[in-house]
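Here the structure is laid out as C-alpha cells; the discussion comes afterwards.
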Amino acid sequence: MSGDGPPHVFLHDLGRAGSADFPGIASQPGLAGKRSLIPDLFGHGFSDAPGDFTYTLEAHAETVAALLDHVRARDCVLIGDAMGGAVCVVLAARRPELFSRVVVTGAALCGGGLRGAAVASYSEAEFVSRGFRSVLAGSVPEHAARIRTANPTALHRSAVGWMKGSDSGLTELFLKLPQPKALVRGAHSRPRAHEDEVRAAGVPVIEVPGTGVELLEDDPARFASALAEAISTNSPAWKRNSTVGAGNVGSGDIDLVWPTEANPTLLAGVHAVIAAVTEQGGALGYHMVPGREETDAWLEEMLADVRSSDAALAVAVRGDDIVGCGLWQRHTSAASYRHSAEIPQLMSHPEARGLGIGRLLVTALVKDARRAGLELLTLGVRGNNHGAIALYEQLGFREWGRLPSGVAVANERFDDVKMCLELGRPDDVIVRGSAPVGPGSSVLR
C-alpha cells in the first residue's frame, strides 16, 4: 500500500494471510497514510509453497528480509501478529539495520498458541492426510476461509518451527532486540507468563480494551489504535526501549535513538544542543546562534534524507534530555560517490561533556554506515580541535588531506583536516587507486 515515510511491515499469524488480515488495519486512523508492506508468508495466502522450504521462523525471516532488500526498504516499523510476531523477533535480531521499531502481539512469544499446538500435534504425514481437514472442520467460518488458502505441508512445518523457536528462548531474544519495542495484548485474553517478564524488563505492554486473543477481529479500530500508540515516537516505547548497546557511559545512562520523523521534542532538543555548542564557539558552521526556524529546517531536511536511506541520524538521550546528536549522510551528487558518506555534524551539549557521548555517537554511526553497505566514511575537523582528531584516530579514521587556513572564523583561520575510514568492500570490487587504467584514465605525456 502506497504512502509516506518509512514502511510499516505487517506479518500475519499461522494459517492466515496478510493480504486478507492487514489492509483494513493499515487503513485505520493513526496508521493510514503510511507506506505498508503486507506480504503473505510462504505457504500462506497468495504466496508460493515450495516443497523444499523448511518453513522455520528463520526461513520465513530470511524471505521477508530478501523482500525488504529488493524494495530497498529501511527504518521499517515491524509489526507481527502471533506467529508473524515470532518471525518479527527473529528477523529484527538477524537484520537490525532494517528496522526502527518492533511491535508484536501477546501470542507471538508463547510457543505456537492453541492453533499452532493443534497443528503440531500431528506428524507431518498425518496432518497432510487428515489433520488439515480436521482443523478446517473445527474452525469458525472466518478462520476456515483463511486456513483453506494455506498449503497443508507449509502450515504444519510453520507450526512446528514456531514451537521450536519459542522453546529456544524467543522471549529472551525479543528483550535483547536493540530497537524500541512493545507487546500488544487483548485485555480479555488469559495472562501469559512471558508478559510479566516483558513488563519487568521495562518493555511497554499495551492492552486493547474489549478484545481477546483474536485482536484483529474483535476490534480492528482499537487494535490499530494500540499499534499506533506503540510505534509513536512520543510514546513511552520510544524512550524506554531505545538503547543501542550504550549501557552506562561515563557518569550517566545514555540512550541512542534513531528518529526518522520530526516531533516537537526532537526539534526543541536538537536546537538546544546546537545553540549551546555554537555559543561556546563549537565548529558547527554557524557564526552566531541560529534560531529555531533555521535549525528546524536543517533537521527536517536531514530526516528527509534518512527516510530515503541517504542518511542516518543518531540522537543521544540522557533521562528526558537530548544531549547530543550526529549523522552520516551519503554523497549523492553523482552515482560514482554513493558508496561513500560523510559525517557532516557531530555535537554534544557542553553540560554533558565527559560522558563519552562523542565516542558513543561515532561508534554507532560507523556501525550503522557499515550495515547500510557503505564502503567509505569521511569527515572534516577544524585543525585546532586536537581532542576530536585524537578520538577519530582511536576509532580508526586517518587523515587523508589538510587544507591550510581552510576554515574562517571571523578574522582567524584554521586548517581544514580531512579524515576517512574504510568500512569494507564487496568481494568483486577492483581497487585501481591512482593507476592509469580503467574508465577516464590517461597516461602522462
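Bear in mind that the values here come from a model prediction, so they are computed numbers and not experimental data.
Between the side chain of Thr56 and the backbone N or O of Gly161, no donor-acceptor pair lies under 3.5 Å. Checking side-chain atoms of Ser27 against main-chain N and O of Pro23 turns up a donor-acceptor pair under 3.5 Å. Checking side-chain atoms of Trp162 against main-chain N and O of Gly84 turns up no donor-acceptor pair under 3.5 Å. Of the possible donor and acceptor atoms, one in the side chain of Arg222 sits under 3.5 Å from a partner among the backbone N and O of Pro209. Judged purely by atom type and a 3.5 angstrom limit, Asp321 has no side-chain atom pairing as donor or acceptor with the backbone of Val323. Side-chain atoms of Asp219 do not come within 3.5 Å of backbone N or O of Thr211 as any donor-acceptor pair.
Here the CG-NE2 distance, from Leu376 to His339, works out to 6.0 Å after rounding to the nearest 0.5 Å. Here the CD1 atom belonging to Ile274 is positioned 6.0 Å from the SG atom belonging to Cys325, to the nearest 0.5 angstrom. Residue Leu379 holds its CG atom at 7.0 Å from CG of Leu377, rounded to the nearest 0.5 Å. For the atom pair CZ of Phe10 and CD1 of Ile25, the computed distance is 8.0 Å after rounding to the nearest 0.5 Å. The structure places CG of Asp13 at 7.0 Å from OG1 of Thr105, a figure rounded to the nearest 0.5 Å. In this structure, Arg413 CZ and Leu403 CG are separated by 12.0 Å, a value rounded to the nearest 0.5 Å.
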Atom pairs and distances, side-chain donor-acceptor, residues 348-361, under 3.5 Å, sequence neighbours left out:
| from | atom 1 | to | atom 2 | distance (Å) |
| --- | --- | --- | --- | --- |
| His349 | ND1 | Glu351 | N | 3.1 |
| Arg359 | NH2 | Gln394 | OE1 | 2.4 |

For residues 417-436, dump all side-chain donor-acceptor pairs below 3.5 Å to protein atoms at least two apart in sequence or in another chain.
| from | atom 1 | to | atom 2 | distance (Å) |
| --- | --- | --- | --- | --- |
| Lys418 | NZ | Asp416 | OD2 | 3.1 |
| Glu422 | OE1 | Arg425 | NH1 | 3.4 |
| Glu422 | OE1 | Arg425 | NH2 | 2.4 |

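Heavy atoms only, all atoms of each residue included: Thr295 and Pro290 are closest at CG2-CG, 3.6 Å. The shortest non-hydrogen separation linking Ile254 to Ala316 is CG2-CB, 3.9 Å. Of all heavy-atom pairs spanning Ala372 and Trp328, the tightest one is CB-CZ2, 3.8 Å. In plain terms, the two heavy atoms of Ala275 and Val289 that are nearest each other are CB-CG1, 3.7 Å. Contact between Ile389 and Gly383 at its shortest, heavy atoms only, is CD1-O, 4.1 Å. Ala17 approaches Gly45 most closely through the heavy-atom pair CB-CA, 3.7 Å.
Side chains of Arg157 and Thr54 form no contact here, defined as non-hydrogen atoms less than 4.5 Å apart. Counting heavy atoms from C-beta on, the side chains of Phe414 and Val381 never come closer than 4.5 Å. His331 is not listed as a side-chain neighbour of Ser336, based on a closest heavy-atom distance of 4.5 Å or more. Between Leu303 and Leu266, the closest side-chain pair of non-hydrogen atoms falls below 4.5 Å. Side-chain contact between Leu299 and His271 is absent, with no heavy atoms from C-beta onward closer than 4.5 Å. Within the 4.5 Å cutoff, the side chain of Ser225 has no heavy atoms near those of the Gln28 side chain. Residues Leu227 and Ile79 meet the side-chain proximity criterion, which asks for heavy atoms closer than 4.5 Å. Side-chain contact between Val315 and Trp258 is absent, with no heavy-atom pair separated by less than 4.5 Å.
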> When you look at Leu109 and Val89, which way does the side chain to side chain contact (heavy atoms under 4.5 Å, CB included) test go after all the steps?
Replying inline: CA-CA 9 Å; Leu109 310 176; Val89 173; 4.1 Å; yes
> Yes or no on side chain to side chain contact (heavy atoms under 4.5 Å, CB included) for Glu58 and Arg94, after CA distance, side-chain angles and deciding distance?
Replying inline: CA-CA 9 Å; Glu58 293 77 11; Arg94 290 189 165 205; 3.1 Å; yes
>> side chain to side chain contact (heavy atoms under 4.5 Å, CB included), that's the test. Do Leu346 and Val362 meet it? Break it down for me.
In response: CA-CA 8 Å; Leu346 185 79; Val362 176; 3.4 Å; yes
> Is there a side chain to side chain contact (heavy atoms under 4.5 Å, CB included) between Asn384 and Val407 once you walk through the steps?
Replying inline: CA-CA 10 Å; Asn384 66 338; Val407 179; over 6 Å; no
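Listed by chain and residue number, Asp21, Glu214, Glu217 satisfy the salt bridge (charged side-chain N to carboxylate O under 4.0 Å, His left out) test with Arg16 (two or more places apart in sequence, or in another chain). By the side-chain contact (heavy atoms from CB on, under 4.5 Å) test, Ala92 pairs with Leu78, Phe99, Val102, Leu177, Gln179, sequence neighbours left out. Listed by chain and number, the residues in a ring-ring contact (aromatic ring centres under 6.0 Å, His included) with Phe53 are Phe42, Tyr55, His60 (sequence neighbours excluded). When the side-chain hydrogen bond (donor to acceptor under 3.5 Å, both in side chains) test is applied to Ser19, the partners found at least two apart in sequence or on another chain are Asp40. In this view, Glu207 and Arg185 satisfy the side-chain hydrogen bond (donor to acceptor under 3.5 Å, both in side chains) rule, not counting sequence neighbours. Scored by the salt bridge (charged side-chain N to carboxylate O under 4.0 Å, His left out) test, Glu399 finds Arg402 as partners (sequence neighbours excluded). Evaluation of the ring-ring contact (aromatic ring centres under 6.0 Å, His included) rule for His12 yields His44 as partners, not counting sequence neighbours.
Checking Val257, Ile231, Val77, Val306 one by one against Ser100, the side-chain contact (heavy atoms from CB on, under 4.5 Å) holds for a single residue, Val77.
The pair Glu261-Lys34 counts as a salt bridge, with a side-chain nitrogen and a carboxylate oxygen less than 4.0 angstrom apart.
Within the structure, every pair that satisfies the salt bridge (charged side-chain N to carboxylate O under 4.0 Å, His left out) test and touches residues 303-315, not counting sequence neighbours, is listed here: Asp310-Arg330, Asp310-Arg338. Pairs engaging residues 264-293 under the salt bridge (charged side-chain N to carboxylate O under 4.0 Å, His left out) rule: Arg292-Asp296 [sequence neighbours left out]. Within the structure, salt bridge (charged side-chain N to carboxylate O under 4.0 Å, His left out) contacts touching residues 67-81 (residues at least two apart or in different chains) are Asp69-Arg95, Arg74-Asp368.
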